[in-house]
Enquirer: 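Sharing a structure below in structure tokens format, with a few things to ask.
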Amino acid sequence: MSKFEEIIDRKGSSSVKWDLTKTVFGKEDVLPMWVADMDFLPPQNVLEALETRLKHGIFGYTFVGDQTATSIKDWLQKRHGWQIETSWLQYSPGVVPAISTIIQALTIPGDKVLVQSPVYTPFFNLVEDNGREIVNAQLDYHDGSYSIDYQAFEESLQTGVKLFLLCNPHNPSGRVWKKEELTKMAELCHKYDVVIVSDEIHSDLVYKSHSHIPLASLHETYRDRTITCIAPSKTFNLAGLQASAMITSNPDIREKIASVHKKQGFFTLNTFGIIGMEAAYRHGEQWLEEILEYLQENVKVTAAFIEEHLPELKLVNPEGTYLLWIDCTKLNLSDEELKSRLLDQGKLALEPGTKYGPGGEGFVRMNIACPRGTLKDGLERLKVALGS
């Protein structure tokens with residue numbers, strides 16, 4: 001039996017996914033397949049590194065050392081062919097706090113920030129909460145796949161956009177943007193002098209026949225106007241350790257980010273975040289290869305189930321991530337009806353598509369980073385809720 005088949009009871013562990021279902025959905029008797037973390041143990045080497053540090057017993061002030069920075073540098077070179085300098089690294093408790101810091105560092109209230117909906121919910125929240133203006137170049141959706149509307153993209157940039165938030169691989173659709181797509185977007189941002197924030201938190205979770213390309217690796221011109229955000233949280237299921245990195249070769253940008261960090265009083269990561277991040281990037285590759293195989297099989301199981309039992313639904317085939325974007329528009333249900341049927345009839349908690357902005361109506365997002373037994377339970381519940 002695969003080690004990923006073990007069902008681990010996460011209730012009572014202060015799990016957002018498992019312990020906040022009543023708070024978020026108003027119900028406790030639902031299967032949560034929404035928030036983006038895994039129901040799997042992280043790599044054993046990471047657990048052992050954390051245990052060793054725990055046994056030391058003293059948790060005074062710590063810093064992110066050269067060995068941690070080198071582990072990130074080596075990982076990016078090996079997995080993505082991207083050579084960085086350790087001096088380009090800055091740290092944050094997570095990618096979401098990192099993006100907020102970048103917005104504060106590189107824009108002023110009232111400035112315009114470009115997004116591409118449907119997209120990760122905090123992209124909208126962070127822009128608005130920081131008093132900036134959202135400009136949306138909505139992605140094209142056709143025949144179960146997403147593409148970039150370059151005309152809308154350029155017209156948006158022409159409105160005076162200062163910052164572009166890119167999601168690659170894309171959440172929620174699972175698209176892994178190709179070299180020519182990234183190059184075209186980067187060229188346009190260069191033309192209109194727009195800084196790019198590339199959220200690449202899912203960059204390691206890419207399936208066979210697809211490759212993740214860090215946008216900043218394409219050319220030094222694009223690199224110098226790009227801040228790349230990464231973390232081991234999605235890759236190795238370490239979100240609770242709260243550790244991420246920002247990467248930019250531009251010293252002026254780094255200085256502005258450092259200035260905001262100083263104002264925030266932020267100067268380092270927590271001890272276990274540092275230990276976990278380094279151990280994951282140094283020793284987690286074999287585990288990652290194994291989990292990718294397991295997740296890809298979960299995708300196949302889901303696709304086959306939907307095709308057989310829920311033919312009116314359309315699965316957007318993911319090229320990366322463990323998040324499935326499901327098109328329910330042919331059911332002709334309102335988003336409120338869709339949510340109600342999932343919760344009341346199926347006892348299933350999924351992310352509503354409306355959370356991801358214009359273009360998300362009639363969709364739901366399903367997290368399949370779980371044991372296959374849990375997945376099959378969730379699919380049966382989906383059938384009860386939305387089957388004819």
Side-chain angles (χ1 to χ4, degrees), residues 4-5 7 17-18 21 24-27 29-36 38-39 117-119 121 139-147 169-176 205 207 210 293-388:
F4 303 120
E5 294 289 330
I7 295 177
K17 182 193 290 185
W18 288 89
T21 51
V24 176
F25 295 96
K27 294 178 178 295
D29 60 338
V30 293
L31 179 66
M33 300 183 76
W34 61 293
V35 113
M38 302 188 194
D39 291 329
S117 73
V119 74
T121 309
L139 296 172
D140 277 338
Y141 177 67
H142 179 69
D143 196 26
S145 183
Y146 283 89
S147 60
H170 184 256
N171 174 10
S173 76
R175 265 303 315 271
V176 176
L205 297 165
Y207 298 122
H210 301 282
E293 285 188 17
Y294 192 86
L295 291 172
Q296 191 141 31
E297 187 61 31
N298 273 1
V299 173
K300 291 178 181 177
V301 168
T302 304
F305 186 93
I306 288 176
E307 184 177 359
E308 180 179 357
H309 299 288
L310 295 160
E312 290 185 305
L313 304 188
K314 188 172 187 63
L315 176 65
V316 176
N317 186 42
E319 299 168 351
T321 85
Y322 50 72
L323 305 167
L324 299 187
W325 190 233
I326 304 172
D327 181 353
C328 307
T329 55
K330 287 188 178 179
L331 296 176
N332 294 315
L333 297 173
S334 70
D335 288 287
E336 194 55 43
E337 288 172 328
L338 195 57
K339 178 181 178 181
S340 176
R341 285 177 61 165
L342 286 167
L343 290 174
D344 297 334
Q345 295 177 217
K347 304 295 182 182
L348 180 63
L350 303 182
E351 289 275 39
T354 49
K355 286 185 66 173
Y356 303 91
E361 302 86 354
F363 286 75
V364 294
R365 194 191 76 171
M366 184 181 212
N367 177 356
I368 59 161
C370 57
R372 201 146 299 136
T374 303
L375 174 64
K376 290 179 178 178
D377 180 13
L379 292 173
E380 289 295 339
R381 291 168 184 254
L382 188 67
K383 180 183 174 182
V384 169
L386 303 182
S388 55

Enquirer: Under the side chain to side chain contact (heavy atoms under 4.5 Å, CB included) rule, collect the residues that match up with Ala36, sequence neighbours excluded.
Expert: Lys234, Tyr322, Leu323, Arg365
Enquirer: Determine, stepwise, if the pair Glu351 / Asn367 fulfils side-chain contact (heavy atoms from CB on, under 4.5 Å).
Expert: CA-CA 9 Å; Glu351 289 275 39; Asn367 177 356; over 6 Å; no
Enquirer: Identify, with sequence neighbours excluded, every residue that meets salt bridge (charged side-chain N to carboxylate O under 4.0 Å, His left out) alongside Lys27.
Expert: Asp344
Enquirer: Any idea which heavy atoms bring Trp34 and Lys17 closest together, and the distance?
Expert: NE1-O, 3.4 Å
Enquirer: Can you list everything that forms a ring pair (Phe, Tyr, Trp, His ring centres under 6.0 Å) with Phe363? Sequence neighbours excluded, please.
Expert: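 Scan of Phe363 (ring pair (Phe, Tyr, Trp, His ring centres under 6.0 Å), adjacent residues dropped) gives Tyr141, Trp325.
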Enquirer: State the CG-CG distance between Leu205 and Asn171, to the nearest 0.5 angstrom.
Expert: 11.5 Å
Enquirer: Report the residues that fulfil ring pair (Phe, Tyr, Trp, His ring centres under 6.0 Å) with His210, sequence neighbours left out, ordered by chain and then residue number.
Expert: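 With sequence neighbours excluded, His210 shows a ring pair (Phe, Tyr, Trp, His ring centres under 6.0 Å) to no residue whatsoever.
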Enquirer: So which heavy atom on Tyr207 is nearest to which on Pro318, and how close?
Expert: CD1-O, 3.7 Å
Enquirer: Which value, rounded to the nearest 0.5 Å, describes the distance between Asp377 atom CG and Lys347 atom NZ?
Expert: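 Asp377 CG to Lys347 NZ: 13.5 Å, rounded to 0.5 Å.
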Enquirer: How close do Lys355 and Thr121 get, counting heavy atoms only, and between which atoms?
Expert: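 Looks like O-OG1, 2.9 Å.
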Enquirer: Which atom names give the shortest non-hydrogen contact between His170 and Val119, and what distance separates them?
Expert: NE2-CG2, 3.9 Å
Enquirer: Could you list the donor-acceptor pairs under 3.5 angstrom formed by side chains in residues 300-317, with sequence neighbours left out?
Expert:
{"from": "Thr302", "atom 1": "OG1", "to": "Asn298", "atom 2": "O", "distance (Å)": "2.8"}
{"from": "His309", "atom 1": "ND1", "to": "Lys383", "atom 2": "NZ", "distance (Å)": "3.4"}

Enquirer: Can you list everything that forms a ring pair (Phe, Tyr, Trp, His ring centres under 6.0 Å) with Tyr294? Sequence neighbours excluded, please.
Expert: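 Only Phe4, Phe40 meet the ring pair (Phe, Tyr, Trp, His ring centres under 6.0 Å) criterion with Tyr294.
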Enquirer: If every non-hydrogen atom of Ala349 is compared with every non-hydrogen atom of Leu343, which pair is closest and at what distance?
Expert: CA-CD2, 4.1 Å
Enquirer: Between Lys339 and Asp335, does any NZ, NE, NH1 or NH2 come within less than 4.0 Å of an OD or OE carboxylate oxygen?
Expert: no
Enquirer: Do Thr21 and Pro32 have side chains that get closer than 4.5 Å, going by heavy atoms?
Expert: yes
Enquirer: Check for a donor-acceptor pair, side chain of Ser117 on one end and backbone N or O of Gly359 on the other, with a separation under 3.5 Å.
Expert: no
Enquirer: Kindly compute the distance separating CD (Glu361) from OG (Ser334), expressed to the nearest 0.5 Å.
Expert: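 Answer for the CD-OG pair, Glu361 versus Ser334, is 12.0 Å.
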Enquirer: Working to the nearest 0.5 angstrom, can you tell me the gap between Leu386 CG and Leu338 CG?
Expert: 5.5 Å
Enquirer: Answer yes or no: does atom NZ of Lys376 have more than 12 heavy-atom neighbours from other residues, nucleotides or ligands under 6.0 Å?
Expert: no
Enquirer: Which atom pair, heavy atoms only, marks the closest approach of Asp29 to Arg381?
Expert: O-NH1, 4.4 Å
Enquirer: Hey, what do you get for OG1 (Thr374) to CD (Glu5), rounding to the nearest 0.5 Å?
Expert: 9.0 Å
Enquirer: Which is it for Cys328 and Leu333 under the side-chain contact (heavy atoms from CB on, under 4.5 Å) test, yes or no, and what are the steps along the way?
Expert: CA-CA 8 Å; Cys328 307; Leu333 297 173; over 6 Å; no
Enquirer: First locate atom OG1 of Thr321, then atom CZ of Arg175, and finally report the distance between them rounded to the nearest 0.5 Å.
Expert: 12.5 Å
